[in-house]
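Only one structure is covered here, and it is reproduced in the block below.
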Protein chains: 2
Amino acid sequence: MKNEDFNCPVPFNDSDCVLMAHGGGGRMTHRLISDIFYPAFRNPLLEQDHDGCVFPVQEGRMAYSTDSFVVDPIFFPGGDIGDLAVNGTVNDLACCGARPLYLTAGFILEEGLPLSDLQRIVRSMRKAADKAGVQIVAGDTKVVERGKCDKLFINTSGIGVVPEGIRIAPDRVRPGDVVICSGPIGAHGITILSARESLGFETNLKSDTVSLNNMLSQLLKNIEEVHVLRDPTRGGVSGTLNEIAKAARVEIVLDEASLPIPDAVKGASEILGLDPLYIANEGLVLVILPETRSQEALAVMKSFPEGKNATIIGRITGEDNAIVKMKTPYGNYRIVDMLSGEQLPRIC
Amino acid sequence: MKNEDFNCPVPFNDSDCVLMAHGGGGRMTHRLISDIFYPAFRNPLLEQDHDGCVFPVQEGRMAYSTDSFVVDPIFFPGGDIGDLAVNGTVNDLACCGARPLYLTAGFILEEGLPLSDLQRIVRSMRKAADKAGVQIVAGDTKVVERGKCDKLFINTSGIGVVPEGIRIAPDRVRPGDVVICSGPIGAHGITILSARESLGFETNLKSDTVSLNNMLSQLLKNIEEVHVLRDPTRGGVSGTLNEIAKAARVEIVLDEASLPIPDAVKGASEILGLDPLYIANEGLVLVILPETRSQEALAVMKSFPEGKNATIIGRITGEDNAIVKMKTPYGNYRIVDMLSGEQLPRIC
């Protein structure tokens, strides 16, 4: 990218860092915007260059969501805090049944962060936004003193349009529904932990961060009867299913033998004393819908790379126990509860 | 507020603090939500209890904005980081000509933050939201280790509806327009600095943080010809007017004698070597409109407490110099430039 294309007379050097002055609202702030943010995010709405952006809307329903990202480390196998921040909010909107349209991005930067790191991250955000078909239309940057944040934190918010006829809500969950899991469980959390602690597991594991909206949009186009969509991020598959069980007052029974847990995740989890069901995922979705439509749903999901390993992992029983149970390979059952705290801090 | 109303069996104690586990997505996270966030923000959209909220929209135009808040200290005379975060985004939307509707709130909490401080802040957010007539409809909370952030950071994003006929944009600014300033300049920045450094100025200064949307909505209802609305936060009146002058390619001439700078701000600024024109304000708006409508605009603004000291501080000349000049009381002129960095870090 040529800086001179963007009204930036002097390109910054690799050794340049974020300074407190970059957060002051003066020339240095404008420089950061014109050198780094605008070249990466460039679109007509952002370039309205006001305190916010204005766009036309049609009558209908919109979804609105927000998420902050504090993942440590900021770069990791499979992604970085930038694409994670875009995919996270895109997926939250998609799990509301919406077609995501626009995102905002709020950056909190630590004084001393290399500008080259920031540039790499915003480019990664743009790439993720393009893949998901969304635009970053408004932003904000603050700078805090060295030691008052950890490299950078990113907040994204997003809005999208919910197509007519779609209603995703836990209270639609019914006995006879099944739970489809879109892919392998646990890769993101183990990858982050391994990268953070330099554990050096000899694995090919990488974060599963990916936007799910294209697959989910197709799924909803084919099957309006989808009852719940939820991405099992913090709290993992278990935390997410417990939330749904409680909200819907149903019993969910998982089949342990069917859980798609990669050997690398199993191995690392055993060594570290973690349970993969509580590990955060960033490219996974749980789909709950009537069993009668499940084969059709699996076919749609498998036609996308992010759903190629989709599989049924459980079903809703007739009991209104508001719990999640697991059927073990030996045929007995155990309760899968919600954790009190967390296994892994700062995984997203 | 009775905690038991909100499905919270054991109220938290004054000595309770934010723990890493509050950010884990498990029971402790749900507890934080049910004890602190829901009781304060409570509304049907938030209580959809999903990854985002869904609401109906009418055909038209919407405004969308985001802002992160890292102010230090988090409590200061006249407000706290909570009402600042609500008012800031409400004002950004109002300055797009929009009627703000919904906000999201993303919290990044430092391990060890007293829960009583968090509760005080979210209640202050609710109060500010009620005053502005907006609802906080989606949120997110992350926790980072002690020393990895500074007490708490808050991101708010917001959306609003832009009424038909309203078009706020710098390119509408014309020679013959005047600049109205809604009130006294510099109170917020000096208040924050004084509170942070315990300077103990013997002043009654307090932050001017307030939502401006009710006043601006009335102004636009009466006068569609308003060309620009902008709140002079970071970068101050000077930074904001320089941005407008550059975007509109016009010359703006301020009349120094007319600038509403309180004596307390003048005095503190002299001692500290600061220029009030570069100091951040959080409850001030600059209105640019044709001089022919200025008396009517002043009358509307003066009918609101937040605009009772509104006054004309400058005018747009016929020159396309893209600069801001100041006419001194001695009749000569000086350039009012944009600062490179900032005078005061972390004022919002």
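Quick note on labels: first sequence line is chain A, next is B, and so on, each numbered from 1.
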Next on the checklist: Would you call the rings of B:Phe153 and A:Phe153 parallel, tilted or perpendicular, taking 30° and 60° as the class edges?
Outcome noted: tilted

Item to check | Contacting region of B:Ile347 [heavy-atom separation from chain A under 4.5 Å] | outcome: neither

Checklist outcome for this item: Bottom line for B:Val162: the part with an atom under 4.5 Å from chain A's heavy atoms is side chain

Item to check | Option that, when pairs with chain B are counted at under 4.5 Å, heavy atom only, ranks first among A:Glu145, A:Glu59, A:Gln48 | outcome: A:Glu59

Given the options [options], which has more heavy-atom pairs under 4.5 Å with chain A than any of the others?
options                                : answer
B:Val228, B:Asn242, B:Val137, B:Ile159 : B:Ile159
B:Pro170, B:Gly106, B:Cys348, B:Cys149 : B:Cys149
B:Arg230, B:Lys151, B:His30, B:Lys148  : B:Lys148
B:Asp150, B:Val57, B:Asp92, B:Asn155   : B:Val57

Checklist entry - Side chain, backbone, both or neither: which part of A:Ala105 has an atom under 4.5 Å from a heavy atom of chain B? => result backbone

Item to check | chain B contact via A:Val143 - side chain, backbone, both or neither, heavy atoms under 4.5 Å | outcome: backbone

Checklist entry - Below 4.0 angstrom, N of the basic side chain to O of the carboxylate: do B:Asp67 and A:Lys142 qualify? => result yes

Next on the checklist: What I want to find out is whether A:Arg27 reaches B:Asp337 closely enough, with some N-O distance under 4.0 Å, to be called a salt bridge.
Outcome noted: yes

Next on the checklist: Minimum heavy-atom separation for B:Ser68 and A:Ile108, please, with both atom names.
Outcome noted: CB-CG1, 4.0 Å

Item to check | Member of B:Thr141, B:Asp140, B:Thr29 meeting the side chain to side chain donor-acceptor pair (under 3.5 Å) criterion with A:Arg234 | outcome: B:Asp140

Checklist entry - Between CE of A:Met62 and CE of B:Met62, what distance do you get to the nearest 0.5 Å? => result 6.0 Å

